[in-house]
Amino acid sequence: MGYHFEFGWIAEYWPVLLKGVGITLQLIAIGALFGVALGGACAWVRALGPAWLRPVVATYVEMIRNTPFLIQLFFVFFGLPSLGVQMSELQAANLAMIINLGAYSCEIIRAGIQATPKGQFEAGASLGMSRFQTFWYVVLIPSLQRIWPALSSQIVIVMLGSAAVSQIAAEDLTFAANFIQSRNFRAFEAYAVSTAIYLLLAILLRQVLRGVGFTLFPRRAAR
Amino acid sequence: MIQFSTWDIVSNLLLAARWTVVLSLVSFIGGGIVGLLVLFARIGKFAGLRRAAKVYIEVFQGTPLLMQLFLAFFGLGLFGINVPAWLAAGFALTLWTAAFLAEIWRGCVEAIAKGQWEASSSLGMGYMQQMRWVVLPQALKIAVPPTVGFSVQVVKGTALTSIIGFVELSKAGTMVTNATFQPFTVYGFVALIYFALCWPLSKSSQILERKLNVAHRNH
Amino acid sequence: MSLIEITEVRKSFGSNEVLKGINIDVNSGEVIAIIGKSGSGKSTLLRCINGLETINAGTIAVAGAQLLPDDLHLKALRLKVGMIFQGFNLFPHLTAGKNVMLSQMVVKKVKKDAAEAMARRQLDRVGLLHKFDAYPDELSGGQQQRVAIARALAMEPIALLCDEITSALDPELVQEVLAVVKELASEGMTLLMVTHEMRFARDVCSRVVFMHQGRVHEIGPPGEVFASPRTPELQQFLGMQAA
Ligand SMILES: Nc1ncnc2c1ncn2[C@@H]1O[C@H](COP(=O)(O)OP(=O)(O)OP(=O)(O)O)[C@@H](O)[C@H]1O
Ligand SMILES: [Mg+2]
């Protein structure tokens with residue numbers, strides 16, 4: 001093979017990569033925060049919410065889980081404006097990621113809730129807690145503790161999936177790689193370097209999430 | 001300007017969806033075969049192979065599929081020839097699928113009780129015999145639901161191959177949108193077609209899972 | 001020469017020495033009961049004899065051949081010594097008959113017909129010929145354990161190791177399994193069994209081994225060991241059992 005690998009460009013394009021990393025991190029931070037919140041709310045609806053809302057949530061969850069993120073992204077960015085909703089590339093990327101993670105975390109949290117022993121509910125009620133208080137303290141928090149590992153892996157998956165937002169010109173890490181290779185014609189090296197950065201980010205994110213789990217649920221950590 | 005009927009849109013999308021199906025099948029089958037090899041390396045007797053398989057899985061699960069597609073596309077290109085998009089797409093998706101299936105199946109093999117290994121050892125079976133006759137037949141059974149479930153990820157994963165220029169359902173969606181200027185309708189239909197492909201797989205995975213759990217409780 | 005010679009065997013898990021120099025010689029046709037407190041190393045000793053654990057020092061020889069931890073020697077050993085487990089460990093995806101046939105066919109390369117004939121003979125021996133086509137989850141615990149015994153016997157071992165084989169059973173099922181073991185003993189099978197069934201040990205065994213903290217604390221015929229225990233540890237252990 002006559003090809004000669006060339007990585008000297010990194011020095012020049014380092015700031016571009018760094019900016020991409022920043023956007024990717026920002027995307028996943030916002031996506032994770034609001035996505036899990038949305039998922040928790042949806043799980044609440046499916047467990048205890050008003051009857052008319054349950055099929056709506058169920059449809060949303062099934063729709064999202066059975067379609068590609070890329071299409072969800074295109075639908076939000078290209079489709080919604082035709083209904084008069086205008087938004088920037090970044091806003092669209094954020095929204096798509098929140099909607100996506102919301103559906104998955106709804107399912108994960110719901111599985112955790114279903115694993116809650118029946119008696120717990122009654123115990124909460126018998127102590128005079130309201131429905132919502134019972135849900136929050138007796139069902140949701142212990143469930144979250146149980147499903148935190150699954151939720152963490154899903155967040156990492158969404159972070160890796162966020163590479164697709166480069167396709168609506170949101171300037172994330174993949175966008176940076178595209179930009180660099182269009183300038184220096186070193187496509188393979190540009191993508192290899194950004195792939196390595198993604199791998200680092202994934203490992204880092206996993207550690208951070210584990211740390212978050214330990215702080216949120218100290219009992220688990222003690223064991 | 002030409003007028004496109006809804007049927008024009010849908011029929012164009014459906015024609016392209018054939019390629020989504022073909023690519024999914026190829027990747028899933030190819031990924032299954034490579035995944036088996038990775039699995040055996042991962043749980044086998046050789047420490048070097050075990051470590052290599054672990055790294056393989058870690059890398060493919062820890063990086064974006066889109067990046068893997070780019071690397072396959074431009075990486076294979078380094079060998080001189082102009083790589084067709086379908087080849088890079090099938091190649092990357094196969095390797096990606098293999099990593100996930102190997103990891104899923106490893107979980108299934110490890111779920112087999114230690115007593116099964118000990119009993120078959122005490123009967124004089126060697127590692128290969130234990131695998132072939134005792135462990136794999138049992139692991140296979142519990143592997144079916146998650147394997148079917150993962151096929152959904154493969155179908156969805158094929159959407160990213162549109163980005164390296166493979167014309168399947170997603171790419172057709174973009175092309176039809178550019179011609180019709182009806183993104184809401186077109187991507188809506190694209191989503192529905194994906195849903196029609198994926199939902200039966202998701203559902204059967206769930207049903208199989210439930211059946212298996214019931215069967216287990218009877219033990 | 002004894003059939004099984006256990007000499008100065010030591011076994012540690014990490015820094016925890018579980019067997020601290022075990023010496024036992026087992027003659028052909030002997031039935032030996034191993035008793036002792038939980039954690040005294042009884043299971044570990046049996047597992048070492050079957051090569052499921054590798055020993056740190058000492059030697060184990062079966063029918064003159066020394067136990068070495070390579071695949072070939074292990075296989076040879078396991079053809080001579082069968083093992084029955086507390087948890088049965090039948091293969092759940094195979095019928096009782098296939099459970100008994102499998103290892104004959106894949107390990108000893110016995111033809112299917114011969115393996116099946118042997119399986120029927122052994123299942124008949126444990127009184128379960130009519131369950132040939134039943135799956136393990138269709139059998140009671142006692143029946144499963146008897147199938148496990150038939151499975152081990154089908155390999156035609158010269159000795160059987162039994163680790164608390166009735167402990168996982170409901171009380172009413174214990175006797176049917178012990179009856180099978182008693183029958184084996186009367187036919188001259190060499191047996192090494194960890195058991196909490198003191199009456200059975202007294203009635204059937206030729207010798208009793210009392211293990212304490214990783215050592216053979218007392219050994220002798222059941223009449224002596226049970227009637228006049230010499231050490232306070234055994235006295236206490238037997239007192240506990242009676243209570
Ligand atoms: N795989 C292992 N790893 C670490 N320690 C072990 C292992 N197996 C056994 N041990 C330890 O070895 C000691 C002896 O265990 P063993 O199972 O032989 O006892 P036992 O006499 O059979 O007890 P029981 O009557 O409860 O079955 C125990 O302290 C146990 O914790
Ligand atoms: Mg024991």
Side-chain angles (χ1 to χ4, degrees), chain A residues 1-5 24 59 62-83 85 107 153 156-157 159-167 172-174 177-178 181 185-203 205-206, chain B residues 20 55 58-80 100 149 152-153 155-163 168-171 173-174 177-178 181-203 206:
Chain A
M1 197 167 76
Y3 191 80
H4 193 75
F5 290 101
T24 292
T59 310
E62 291 294 297
M63 263 329 275
I64 295 301
R65 277 159 42 95
N66 288 293
T67 53
F69 174 66
L70 184 67
I71 297 304
Q72 294 159 17
L73 188 68
F74 284 174
F75 194 82
V76 167
F77 187 67
F78 298 118
L80 289 190
S82 70
L83 297 185
V85 191
E107 272 313 277
S153 343
V156 173
I157 289 174
M159 191 274 280
L160 296 175
S162 76
V165 304
S166 59
Q167 295 311 300
D172 74 328
L173 177 53
T174 306
N178 289 340
Q181 69 99 11
F185 305 109
R186 290 279 173 187
F188 186 79
E189 290 91 326
Y191 290 121
V193 168
S194 42
T195 302
I197 297 176
Y198 270 114
L199 184 59
L200 276 178
L201 288 183
I203 293 169
L205 183 57
R206 227 172 273 151
Chain B
T20 293
V55 170
E58 180 80 12
V59 167
F60 278 86
Q61 291 195 340
T63 59
L65 174 57
L66 180 57
M67 281 293 146
Q68 295 165 28
L69 285 161
F70 280 141
L71 286 176
F73 190 67
F74 293 105
L76 289 175
L78 296 185
F79 288 95
F100 279 85
V152 176
Q153 308 303 323
V155 176
K156 291 191 292 181
T158 60
L160 291 176
T161 64
S162 62
I163 298 172
E168 37 62 80
L169 181 52
S170 297
K171 186 79 185 174
T174 303
T177 301
N178 290 341
F181 303 107
Q182 300 181 34
F184 190 82
T185 314
V186 175
Y187 287 122
F189 276 117
V190 171
L192 278 179
I193 297 174
Y194 274 113
F195 185 81
L197 290 173
C198 293
W199 189 76
L201 293 169
S202 298
K203 212 63 202 164
Q206 278 170 17

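The sequence lines fix the lettering, A, B, ..., with proteins before strands; numbering per chain opens at 1.
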Would you say that [X] contacts [Y] through its side chain, given a criterion of any heavy-atom pair below 4.5 Å between the two side chains?
X: B:Ser170; Y: A:Ile71; answer: yes
X: A:Asn178; Y: B:Phe70; answer: yes
X: B:Gln68; Y: A:Thr195; answer: no
X: A:Ile203; Y: B:Glu58; answer: yes

Bottom line for B:Leu71: the part with an atom under 4.5 Å from chain A's heavy atoms is both
Per-residue contact mode, B:Val59 against chain A (heavy atom under 4.5 angstrom): both
Once you measure the plane-to-plane angle for A:Tyr191 and B:Phe74, does it fall in the parallel (<30°), tilted (30-60°) or perpendicular (>60°) bin? parallel
Where is the tightest heavy-atom contact between [X] and [Y], given as atom of each residue plus distance?
X: B:Val152; Y: A:Arg65; answer: CG1-O, 4.1 Å
X: B:Gln61; Y: A:Leu160; answer: O-CD1, 3.3 Å
X: A:Met63; Y: B:Phe195; answer: SD-CD1, 3.7 Å

Trace of the ring-ring contact (aromatic ring centres under 6.0 Å, His included) decision for A:Phe75 with B:Phe184: CA-CA 6 Å; A:Phe75 194 82; B:Phe184 190 82; 5.0 Å; yes
Pair count under 4.5 Å, heavy atoms only, with chain B: among A:Ala190, A:Ser82, A:Gly79, A:Pro68, highest is A:Pro68
